[in-house]
Amino acid sequence: MATTKKHLRLAVYAPAIVGDDGRPLAIVHGMESAVPGLRLGWTSSETEELIELPHRDEWVEANRTDGGLPFLCNDDEKHVVTVAGWESPGRIAPGSRPRFEVHADWPLDEAGIAAAVEVLATTGDSARAFWGYVDPEGIAVTVAQQFRHPGDESPAPPHGLPFLKLPEELRSDEIPHFLGWLNYWSAAAAQAIGFPDPTRDAELLSRARRTTSGGWVVQLTDAPLDLDNPAHLDALLRAYERFPEIGGRAAP
């Protein structure tokens with residue numbers, strides 16, 4: 001399953017799964033509908049050998065690993081797609097409530113870029129997520145440097161980006177932790193951050209779409225985010241300025 005291609009990375013954050021609410025399978029089916037020809041019919045062993053799942057749906061229902069969605073992938077070494085989900089501990093979330101988080105990867109190529117908005121929209125809706133994002137591989141390193149830990153006296157984040165509060169310090173689950181290239185905002189998250197404002201968000205609305213659930217996928221730049229591209233960095237900085245609630249930066 002090894003590959004040298006760069007990847008797009010998705011994550012969405014949702015209420016914890018309670019009982020059999022159907023979300024894990026809905027996520028899998030949604031991703032397959034969003035990517036032509038995709039079949040997430042395999043998992044991997046501890047030695048990373050592919051294991052075919054002839055009865056995939058039943059296997060997913062019976063294997064709620066870590067309170068979520070067990071690891072799944074396709075069987076295409078040239079275009080590896082993976083997805084998994086788990087329950088994150090409440091101590092790292094607003095209100096100390098556990099959450100269900102879903103992560104997926106696929107190649108950063110022409111086909112992957114073309115499918116990204118639909119994959120995020122359907123995954124966010126299927127998970128009933130509060131918020132989520134898609135970023136190119138490597139952006140997470142910069143995002144990690146934006147979080148300010150108690151007593152931290154580290155220098156300002158790179159690229160002039162703002163400091164962000166830790167997730168557990170935010171006032172609600174609906175507040176996005178940070179901005180990505182593609183941003184999934186549920187209807188509640190959009191309301192919490194004040195999106196959309198027709199007069200202030202015309203540019204963002206030109207690259208946004210509504211989801212089936214009434215949420216939004218908002219794309220900051222036409223091409224995947226590149227922080228060494230001045231135009232991309234400017235778009236990201238302007239979005240942070242527009243939405244101070246993101247990352248808990250708004251005045252109390």
Side-chain angles (χ1 to χ4, degrees), residues 7-14 27 30-31 34-35 94 99 101-106 108 112-140 142-143 146 159 161-162 164-165 167 170-227 229-250:
H7 278 64
L8 289 168
R9 306 210 183 279
L10 170 151
V12 300
Y13 301 89
I27 291 163
M31 285 187 65
V35 181
R99 292 180 306 171
E101 56 184 84
V102 179
H103 296 260
D105 286 19
W106 63 95
L108 199 171
I113 292 169
V117 168
E118 186 61 29
V119 172
L120 180 58
T122 189
T123 304
D125 278 2
S126 298
R128 302 173 206 156
F130 303 116
W131 73 281
Y133 67 93
V134 170
D135 264 336
E137 180 180 355
I139 295 290
T142 298
V143 171
Q146 292 184 254
H159 303 291
L161 291 166
L164 307 170
K165 286 186 177 181
L170 301 180
R171 62 180 176 83
S172 74
D173 288 310
E174 289 76 18
I175 302 297
H177 302 174
F178 57 89
L179 284 160
W181 170 48
L182 305 181
N183 300 276
Y184 177 90
W185 297 331
S186 65
Q191 183 178 18
I193 66 173
F195 179 84
D197 180 325
T199 59
R200 303 175 67 188
D201 297 327
E203 182 180 356
L204 289 176
L205 284 167
S206 72
R207 288 193 297 270
R209 58 160 283 189
R210 296 300 297 269
T211 73
T212 302
S213 71
W216 293 88
V217 172
V218 178
Q219 181 171 339
L220 292 190
T221 56
D222 291 331
L225 193 61
D226 177 359
L227 297 181
N229 181 325
H232 286 202
L233 182 58
D234 181 65
L236 181 59
L237 290 170
R238 284 187 284 112
Y240 271 118
E241 183 178 1
R242 166 66 184 92
F243 301 110
E245 284 284 357
I246 292 176
R249 297 167 299 116

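- Smallest separation of non-hydrogen atoms from P224 and P136: CB-CG, 3.7 Å.
- No side-chain donor-acceptor contact under 3.5 Å links T122 to the backbone of E118.
- Take H232 and apply the ring pair (Phe, Tyr, Trp, His ring centres under 6.0 Å) test, not counting sequence neighbours, and it matches no residue.
- Atom CG of L233 and atom CG of L161 lie 6.0 Å apart (nearest 0.5 Å).
- When atom types are taken as modelled, the side chain of R249 and the backbone of K165 share no donor-acceptor pair closer than 3.5 angstrom.
- Under the 3.5 Å distance criterion, the side-chain polar atoms of R207 are matched with a main-chain donor or acceptor of L220.
- Taking the side chain as every heavy atom from C-beta outward, F178 and T142 never approach each other to under 4.5 Å.
- From L10, atom CG reaches atom OH of Y184 across 11.0 Å, with rounding to the nearest 0.5 Å.
- A donor-acceptor pair under 3.5 Å is formed between the side chain of N183 and the backbone N or O of V218.
- At least one donor-acceptor pair closer than 3.5 Å links the side chain of Y240 to the backbone N or O of L179.
- Side chain of S126 to main chain of T123: no donor-acceptor pair is present (N/O by atom type, distance under 3.5 Å, no hydrogens or angles).
- Aromatic pair W181/Y133: ring centres not closer than 6.0 Å.
- The backbone N or O of W216 sits nowhere less than 3.5 Å from a side-chain atom of R209 that would complete a donor-acceptor pair.
- Sorted by first then second residue, the salt bridge (Lys or Arg N to Asp or Glu O under 4.0 Å) pairs that include residues 181-201, not counting sequence neighbours, are D201-R242.
- A donor-acceptor pair is defined here as one N or O able to donate and one able to accept, closer than 3.5 Å; no such pair exists between the side chain of E245 and the backbone of I193.
- In this structure, D125 CG and T211 OG1 are separated by 3.5 Å, a value rounded to the nearest 0.5 Å.
- Here the closest heavy-atom approach between residue I175 and residue G247 is recorded as CG2-N, 4.2 Å.
- In this structure, E174 CD and S186 OG are separated by 6.0 Å, a value rounded to the nearest 0.5 Å.
- Between Y13 and W131, the two ring planes are parallel [angle under 30°; tilted spans 30° to 60°].
- Among all heavy-atom pairs drawn from L225 and I139, the shortest one is O-CD1, 3.9 Å.
- Nearest heavy atoms, A14 versus A129: CB-CA, 3.6 Å.
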